[in-house]
Visitor: 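Before anything else, here's the structure in question.
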2 protein chains.
Amino acid sequence: MTSTTPRERYRTQVKAEIKAKAWEQIAVSGAPGLSLNAIAKQLGMTGPALYRYFSSRDELLTELIRDAYGSFSAAVAAAGEVDLAGLARVVREWALADPQRYFLTYGTPVPGYQAPEDTRATAQQVMDRLVAACAGLGPDPEMRAVRAWTRLHGVLSLELAGHFSGMDLDPSELFEAEVRSLS
Amino acid sequence: MTSTTPRERYRTQVKAEIKAKAWEQIAVSGAPGLSLNAIAKQLGMTGPALYRYFSSRDELLTELIRDAYGSFSAAVAAAGEVDLAGLARVVREWALADPQRYFLTYGTPVPGYQAPEDTRATAQQVMDRLVAACAGLGPDPEMRAVRAWTRLHGVLSLELAGHFSGMDLDPSELFEAEVRSLS
DNA sequence: CCGAGGAGTTACAACTTATAACGAAAGCGA
DNA sequence: TCGCTTTCGTTATAAGTTGTAACTCCTCGG
């Protein structure tokens, strides 16, 4: 099944290469620095060629955001039987692996831009896992999960943004302290 | 004293107008959407004229960031004799008044870009106020203040980014719950 | 084997930031 | 008041961006 023509296979491969280069660029220059021309050059082709694969710069970015949410959800799902603290550490590891990827999902939003609808469902999967981890900790696990998430995001995003540098405190210590506050 | 020549006065006024238009643009399109040409047009002049006032787009943005930090510090300083909870609410009000201004200070960082050095001192003033508010709450008020700040930032930034919309929870309730967690 | 469609190319339009060179106006000293 | 100098805003231009249009060429499928 899944009869893939050679054209299709080539197409999906080139799309993957484009996205790979895009991630490299984002890691270096952030999302605003993403340039279709630069990607095309790196792949040995001219700018307009990329429009065969993505109808606009925004569509490429949207796909990257979708993939970021997917990677996040997958990382959380891949965590085995862990408690809330373990889950929190998985989240932190995923964020530290590529800070700009984290910011693409939970960073500064562009006022006009709307994240694709299915990312909400993907983010909800992560939240469900959090809720499950909060199940035995007391009443109202949903609320507990949301508050856990806001605390983790708070300490994580400030660390990733570099707001702790030169403050003489260990971010991982701070993170662990917040993790302890959850149970 | 403070002998201000007419030229100087005119210059500072135009600079202020440029920054005002820049803030309007940022509120609408975010920091990446800031366009010198668009600002110039709105002020009835051509693009290159702005370079008399700011040597580059980055310098304008840097000044806006500096002003954002200053406004933040001033808002906190203007709060009278308030406890930690009151301070937290002042922070939230300041953030809600202009979300993009908040994100300009504590949002996604551009990898290459470094915020001006004096913003660290300004941010420290806010932190000092927080530490003072944490003085009577127990040992290690510095650590308490940092953790308070990460929690407030966590719940606030997710609210401002719209991650609570459609989640059937009241952001202000959530914020107040976190505020209660601080004492 | 040959036609259709897709991939990549160049050319172009409309934008952006930024620099250079010029004109005009305003301020300041004599 | 006169004139010099500084500064402001202009146009022209360079080099970059996204995105469209038209054309070529190659490859795949019948």
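Predicted, not measured: the structure shown is a model, and the values here were computed from it.
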Visitor: Measure CG/B/L50 against P/D/dT11 and give the value in whole Å, please.
Guide: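 To the nearest whole Å, that distance equals 14 Å.
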Visitor: Would you please confirm or rule out a distance under 4.0 Å between OP1 or OP2 of D/dC8 and any side-chain N or O of B/R11?
Guide: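 The answer is yes; a side-chain N or O of B/R11 sits under 4.0 Å from OP1 or OP2.
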Visitor: Under 4.0 Å between a side-chain N/O of A/S35 and OP1 or OP2 of D/dT17, yes or no?
Guide: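 It does, given that an N or O in the side chain of A/S35 lies less than 4.0 Å from OP1 or OP2 of D/dT17.
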Visitor: May I have the distance from B/N37 (atom CG) to C/dT19 (atom P), rounded to whole angstrom?
Guide: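 Roughly 14 Å, once rounded to whole Å.
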Visitor: Give the rounded distance in Å between these two atoms: CG of B/L61 and P of C/dT17.
Guide: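 Result: 11 Å.
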Visitor: For D/dG9, does either OP1 or OP2 sit under 4.0 Å from a side-chain N or O belonging to B/Y53?
Guide: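 True: B/Y53 side-chain N/O within range (under 4.0 Å) of D/dG9 OP1/OP2.
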Visitor: Reckon B/Y51 has a side-chain N or O less than 4.0 Å from the OP1 or OP2 of D/dT10?
Guide: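 Indeed not, no polar side-chain atom of B/Y51 lies that close.
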Visitor: Counting C-beta onward and ignoring hydrogens, is there a side-chain heavy-atom pair between B/E159 and B/L174 closer than 4.5 Å?
Guide: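 Side-chain contact under 4.5 Å: no.
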Visitor: Separation of B/Y10 atom OH from D/dT6 atom C1', in whole Å?
Guide: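 Atom OH in B/Y10 sits about 15 Å away from atom C1' in D/dT6.
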Visitor: From CG of A/L34 over to C1' of D/dG16, roughly how many Å is that when rounded to an integer?
Guide: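 These atoms are roughly 15 Å apart.
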Visitor: Nearest-Å distance, CD (B/Q25) to C1' (C/dT17)?
Guide: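 My rounded result for the distance is 14 Å.
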Visitor: So which one's nearest nucleotide on DNA chain D is more toward 5', A/L36 or A/R52?
Guide: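 Nearest nucleotide further toward 5': that of A/L36.
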Visitor: Quick one, A/V76 and A/Q125 - any side-chain contact, counting heavy atoms below 4.5 Å?
Guide: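 No, too far: nothing below the 4.5 Å cut-off.
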Visitor: In whole Å, I'd like the distance from the CD1 atom of A/I39 to the P atom of C/dG8.
Guide: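 Whole-Å distance recorded here is 14 Å.
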Visitor: So if I take every side-chain heavy atom of B/P48 and compare against C/dA20, D/dT20, C/dA7, which nucleotide ends up nearest?
Guide: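 That would be C/dA20.
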Visitor: A/Y69 and A/Y106: aromatic ring centres closer than 6.0 Å?
Guide: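 Ring centroids of A/Y69 and A/Y106 are less than 6.0 Å from each other.
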Visitor: Which part of the nucleic acid, if any, lies within reach of A/R57 when heavy atoms closer than 4.0 Å are counted: base, sugar-phosphate only, or nothing?
Guide: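 Sugar-phosphate: the residue A/R57, judged by heavy atoms under 4.0 Å, touches backbone atoms but no base.
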Visitor: Regarding A/R101 and A/S71, do their side chains bring together a donor and an acceptor under 3.5 Å, going by distance alone?
Guide: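 Result is yes, a qualifying pair exists.
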Visitor: Nearest-Å distance, NZ (B/K41) to P (C/dC15)?
Guide: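 Taking atom P of C/dC15 as the reference, NZ of B/K41 is at 7 Å.
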Visitor: If you assign B/S55 and B/R7 each to the DNA chain C nucleotide with the nearest heavy atom, which residue ends up on the more 5' nucleotide?
Guide: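 Upstream on the strand: B/S55.
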Visitor: For B/D170, look at atom CG and say whether over 12 heavy atoms of other residues, nucleotides or ligands are found less than 6.0 Å away.
Guide: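 Correct, the count exceeds 12.
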Visitor: At 4.0 Å (heavy atoms only), tell me whether A/L43 reaches a base, stays on the sugar-phosphate, or touches nothing.
Guide: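 Nothing: the residue A/L43, judged by heavy atoms under 4.0 Å, touches no strand.
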Visitor: Given C/dG8, is OP1 or OP2 found less than 4.0 Å from the side-chain N or O atoms of A/T46?
Guide: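 Result: no.
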